[in-house]
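Please read all numbers here as calculations on a predicted model, not as lab measurements. In what follows, every chain begins at residue 1, and chains take the letters A, B, ... in the order their sequences are listed.
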Amino acid sequence: GENVEQHPSTLSVQEGDSAVIKCTYSDSASNYFPWYKQELGKGPQLIIDIRSNVGEKKDQRIAVTLNKTAKHFSLHITETQPEDSAVYFCAAGEGYNFNKFYFGSGTKLNVKP
Amino acid sequence: GAVVSQHPSWVICKSGTSVKIECRSLDFQATTMFWYRQFPKQSLMLMATSNEGSKATYEQGVEKDKFLINHASLTLSTLTVTSAHPEDSSFYICSAREKTGSHLEEYFGPGTRLTVT
């Protein structure tokens, strides 16, 4: 089955700096890579996703890059703000059916004001 | 994006009793929903896949007789924790996938905090 590894487990940055979270996956059949933000006591919220037919996707301050050859993808947050503080999860799976998604272990991002 | 709701948001029950958690897709039909369990500071653990009109598919190690799943309509799936024990205390989250073009995007509910005393 798929194995998703996520690093770092914790990340502390100064407000305004950039944050990068990286994930690797093992199954070349995976073609869909979503990122979720989870605030304390709440369910995960889909913030951005990327499919295997593109290498980069951007939405305002958030971007995701995908390297299919190396089997890794990354979340980039620029101009971080205190409200970006949360736990971020990456996931990998097949985006065309209802097979399970495989989640990373999570990264706790702390943005210091 | 799609909206998924859960009820209740938190529940406290006594050991030995059963608790039902509801998961609803509010603005789309979900033939398939997913139930996850999350322990503090840990990732999401898939418990089962809930299929409308048929039996749920449970992940290895999840007791199907303890965690009863019913998906009676296209917008509602329920998880019943039977004969709950303190070790069942956890954060339970459901999700549903909405078709966007040719792809499926997964949206999560807000979660239910279960505490068994």
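Residues A:Tyr32 and B:Glu106 share a closest heavy-atom pair of OH-N, 4.5 Å. Taking all atoms of both residues into account, the shortest heavy-atom contact from B:Arg97 to A:Asn97 is NH1-O, 3.0 Å.
Proximity of A:Lys108 to B:Lys41: side-chain heavy atoms (C-beta onward) are nowhere separated by under 4.5 Å. Inter-residue side-chain proximity for B:Phe34 and A:Phe101 is flagged as unmet; no heavy-atom pair is nearer than 4.5 Å.
When the side chains of ILVMFWY residues are joined at heavy-atom separations under 4.5 Å, either directly or via intervening members, A:Ile48 and A:Phe103 end up in two distinct hydrophobic clusters. B:Leu114 and B:Leu44 fall into different hydrophobic clusters, where Ile, Leu, Val, Met, Phe, Trp and Tyr side chains are chained together by heavy-atom contacts under 4.5 Å. Residues A:Val64 and A:Phe33 share a single hydrophobic cluster, defined by chaining ILVMFWY side chains whose heavy atoms lie under 4.5 Å apart. Linking ILVMFWY residues whenever their side-chain heavy atoms come closer than 4.5 Å, directly or via other members, leaves B:Val11 and B:Leu76 in distinct clusters. Hydrophobic clustering, with ILVMFWY side chains joined whenever heavy atoms are under 4.5 angstrom apart, groups A:Val54 together with A:Leu75.
With respect to A:Arg51 and B:Glu105, a salt bridge is recorded, a charged nitrogen being found less than 4.0 Å from a carboxylate O.
With a 4.5 Å cut-off on non-hydrogen atoms, A:Pro44 touches chain B through its backbone and its side chain both. Neither the backbone nor the side chain of A:Gln45 comes within contact range of chain B; no heavy atoms are under 4.5 Å apart.
Counting non-hydrogen atoms of neighbouring residues, nucleotides and ligands closer than 6.0 angstrom, the NZ atom of B:Lys66 exceeds 12 such neighbours. B:Gln42 CD: more than 12 foreign heavy atoms inside a 6.0 Å radius. In A:Gln60, the CD atom is not crowded: 12 or fewer heavy atoms of neighbouring residues, nucleotides or ligands sit closer than 6.0 Å.
Here the NZ atom belonging to A:Lys100 is positioned 3.5 Å from the CD atom belonging to B:Glu59, to the nearest 0.5 angstrom. The distance from atom NZ of A:Lys42 to atom CZ of B:Phe91, rounded to the nearest 0.5 Å, is 10.5 Å.
Your options are B:Thr32, B:Val4, B:Thr49, B:Thr57, and the one with the most heavy-atom pairs under 4.5 Å with chain A is B:Thr32. Note: B:Leu104 leads B:Leu104, B:Thr31, B:Thr112 in heavy-atom pairs under 4.5 Å with chain A.
Within the 3.5 Å criterion, the main-chain N or O of A:Gly104 finds a donor-acceptor partner in the side chain of B:Ser43.
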